Amino acid sequence: MKIGIFFDSSENHGGVYHHNINIVDIFNEYISDEFEIIYIVQNEEIAKILEKKNCKTIKLKKIFILKIEKFLFKFNFIREMYNKLSISNSFEKIIKKNKFDLLFFNTPHEMSTLITETNFIIYLLSMQHKTLNFFPEYKGSHHNLDLRDHIVGRASNFAFKILVGANKDKYLLNQFYNTDLNKIIVQPYTFTLPYIFEKNKNYDYEKTFTSLSIPNKKIFLYPAQFWAHKNHKYIIDVALDFKKNNISDVIFVLCGFDKGNLKYIRNQIEKNNLNDYFKIFNYLTDLELIALYLKCFLVLMPSYVGHTAIPMYEAFYFKKNIFFTEGLADEYLEEFLTAIDIMKPSTVRSNYLNIIKNPNENNIKLNKAKSYFDKYLNKENMAKTFINIFNEYKHIKERWKD
């Protein structure tokens, strides 16, 4: 069976990029030869990365008609006109020419809305654009609410299977789009740092950490792009609370690409005279980030969006405390997290002091999180999800086609 993977991701997409790269590695390692995997890419750099991994690729040319069709296919009467005249759009012509049996969109990409004749599965990620639509990134970006609704609505009606990262996203998808629960599969986000660390345990992480020139304090790490919904402002409020309570032995390390909110965060740090409490990196390599995980005291994630997140799983692996927005995560994960009230910055301080006072109790919690990681978040379990989907579709397809 021939499967086309529409791979749309780049390094500045942050965690999603690493999630997608790891899916490629899982496919290379665990998907049998009975499934021919071919990646459909638009980005030349991504094509080179995939080719280095010995992946077969098809490079889409940037053609003007494709941009027009992505716009036109938002209108049902245009789609119906194409169907009645038996006209295939430019993207679907490529899919039919290459005789793909099934497509997989690794992100909620607009190209999925052009598919009318080939069955597909799609990873939709978070559904919180419906509940938190007041954030600026949901207003004027290329993934504004109307476009997201268009993509998710089409997927809900026509996808063979839909993958989401958390149970809460599954039920939001059902609530807002009336999607059949049987077609929604919860697949935790994948990650790369634990695997990179396993292959590079002899690397000099101490030297790399020293090169980052971080003061000798307890590190509160937040690896996240600078979107408004990531709530970096809360960390400034936390720093102010620490300062007022004469706690000066911590430093908040922020790292991630600027998505429009970095200037505001820098200004707030300056305005509140908190420079001694912060170290900001726009970008870190994988090995630099691993060095930070190894040295940090805890991972602090006050985000409004993300019922699960890649740094959460990385914290489990590296046996680091993770302070996570209260009530955000799926319930089965809560025992491994430290809940913080993002309306009350003082909850970070109180939880921090509690860890200091109760190290044995805290170590039990960290060990439980690592055990959960080892048991449920390994590559074999993640591969089984995709293998089961492919096998199910293969069986169904054989009702009408070899």
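From a predicted model like this one, the values you see are computed outputs, not experimental measurements. For the numbers below, each heavy atom of this structure counts, side chains included, while hydrogens, waters and symmetry mates do not.
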Exercise. What orientation do Phe252 and Phe220 show, parallel under 30°, tilted 30 to 60°, or perpendicular over 60°?
Worked result: perpendicular

Problem set entry | Intermediate values then yes/no, side-chain hydrogen bond (donor to acceptor under 3.5 Å, both in side chains), Tyr317 and Glu198 | CA-CA 11 Å; Tyr317 172 81; Glu198 290 291 337; 2.4 Å; yes

For this session: Only one of Lys394, Lys96, Lys401, Lys2 passes salt bridge (charged side-chain N to carboxylate O under 4.0 Å, His left out) with Asp101; say which it is.
Result: Lys401

Exercise. Quick check: does any side chain N or O of Asn98 sit under 3.5 Å from a backbone N or O of Ile94, one acting as donor and the other as acceptor?
Worked result: yes

Exercise. How about Tyr82 and Phe73: are their ring centres within less than 6.0 Å of each other?
Worked result: yes

Exercise. Is there a donor-acceptor pair under 3.5 Å between the side chain of Thr118 and the backbone N or O of Leu102?
Worked result: no

Problem set entry | Centroid-centroid distance, Phe297 to Tyr352, less than 6.0 Å | yes

Exercise. If you count the non-hydrogen atoms of other residues, nucleotides and ligands that lie under 6.0 Å from NZ in Lys379, is the total more than 12?
Worked result: yes

Exercise. When the aromatic ring centroids of Phe316 and Phe373 are compared, is their separation below 6.0 Å?
Worked result: no

Problem set entry | Which atom of Thr325 lies closest to which atom of Ser303, heavy atoms considered | OG1-O, 2.6 Å

For this session: Please determine, by modelled atom types, if Tyr205 and Asn200 share a side-chain donor-acceptor pair under 3.5 angstrom.
Result: no

For this session: Let me see the working for His307 and Gln128 under side-chain contact (heavy atoms from CB on, under 4.5 Å), right down to the final yes or no.
Result: CA-CA 9 Å; His307 301 301; Gln128 289 173 274; 3.6 Å; yes

Problem set entry | Audit row: Tyr123, Tyr189, side-chain contact (heavy atoms from CB on, under 4.5 Å) steps and yes/no | CA-CA 10 Å; Tyr123 218 130; Tyr189 302 144; 3.8 Å; yes

Problem set entry | Under 3.5 Å: donor-acceptor pair, side chain of Glu51, backbone of Thr57 | no

